[in-house]
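Beneath this line is the structure, given in structure tokens, with notes to follow.
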Amino acid sequence: MMMKRIFYIFAAAAVLFLAASCQKEADRMVAKLAGEWHYTAEENGVTEDIWVSFSEDGTFEMYQKIGDGPYWHSKGEYTLDAETKVLSGVYSDRYPWKYSYKVSISDKTLVMAAVELENYVVTYDKAEIPVEVRQKSLPLTKSESVERYL
């Protein structure tokens, strides 16, 4: 009977240790993701200029300019699974991101590979969002827009 109790105590301790380890890894990944990132590219002759800020509290803000138009500002919540390294999210109007992304994060780059679309990979560089982008952006909910870029 005593051996059984000792076994259960060790088993419970192991489960708690593994849970704590997973949580610490998740916290480390979120800390690496937190900050401001910039992506720019030309696709089919149209320039995309996207700035995104991830906070450690699970929220994000995005400023995107497609072509010659204004910057559009959206925000919402994200989740990052430490085990699978998959980043997904919803906009403030509860509209989901277009894709979920398998991420690779370094000090200077954030590589996002769409889970649902093979060969769709974008690389963001760590960069501070310019004040004028924040000040001159127009609010947008994703349910109002034609395209979703995250």
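Below, each value reflects all heavy atoms present in this structure, side chains not excepted, and no hydrogens, waters or symmetry copies.
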Where does the angle between the aromatic ring planes of W51 and H38 fall among parallel (under 30°), tilted (30 to 60°) and perpendicular (over 60°)?
parallel
Is V103 reachable from Y99 through a run of hydrophobic residues whose side-chain heavy atoms are each under 4.5 Å from the next?
yes
Once you round to the nearest 0.5 Å, how far does OH of Y71 lie from CD of Q64?
11.0 Å
Would you say the side-chain atoms of T123 pair up with the backbone N or O of M112, donor to acceptor, closer than 3.5 Å?
no
Is the count of non-hydrogen atoms from other residues, nucleotides or ligands lying under 6.0 Å from K136 atom NZ greater than 12?
no
Count I, L, V, M, F, W, Y as connected when their side-chain heavy atoms are under 4.5 Å apart, and connections chain through other members. Are V52 and Y120 then in the same cluster?
yes
Heavy-atom closest contact (G35 atom, K126 atom, distance):
CA-NZ, 4.0 Å
Side chain E36, main chain I129, donor-acceptor under 3.5 Å
yes
Does D57, at its CG atom, have more than 12 non-hydrogen atoms belonging to other residues, nucleotides or ligands within less than 6.0 Å?
yes
Could you grab the distance from atom NZ of K75 to atom OG of S92, nearest 0.5 Å is fine?
6.5 Å
Are any side-chain N or O atoms of Y78 and backbone N or O atoms of S55, one a donor and one an acceptor, separated by less than 3.5 Å?
yes
Take atom CD of E116 as the centre, draw a 6.0 Å sphere, and report whether it contains more than 12 heavy atoms from other residues, nucleotides or ligands.
yes
Please tell me whether V111 and L117 are part of a single hydrophobic cluster in this structure, the criterion being side-chain heavy atoms less than 4.5 Å apart.
no
V46 backbone acceptor or donor facing N44 side chain under 3.5 Å
no
OH on Y63 to CG on L140, rounded to 0.5 Å
13.0 Å
Where A41 and Y39 come nearest, the two heavy atoms and their spacing:
CB-OH, 3.2 Å
In short, V86 meets S100 closest at the heavy-atom pair CG1-CB, 3.9 Å
Check for a donor-acceptor pair, side chain of K102 on one end and backbone N or O of K85 on the other, with a separation under 3.5 Å.
no
Closest contact, heavy atoms only, H73 versus S137
CB-OG, 3.5 Å
Approximate separation, where rounding is to 0.5 Å, of R28 CZ and I105 CD1
12.5 Å
Can you see which heavy atom on I50 is nearest to which on Y124, and at what distance?
CG2-OH, 3.7 Å
Ignoring hydrogens, what is the shortest heavy-atom contact between T109 and W37? Give both atom names and the distance.
C-CZ3, 3.4 Å
For residues L110 and L80: do they belong to one hydrophobic cluster (side chain heavy atoms under 4.5 Å, members Ile, Leu, Val, Met, Phe, Trp, Tyr)?
yes
Starting from V122, can I reach F54 by hopping between I/L/V/M/F/W/Y residues whose side chains sit under 4.5 Å apart?
yes
When you look at CD of E118, are more than 12 heavy atoms from neighbouring residues, nucleotides or ligands closer to it than 6.0 Å?
no
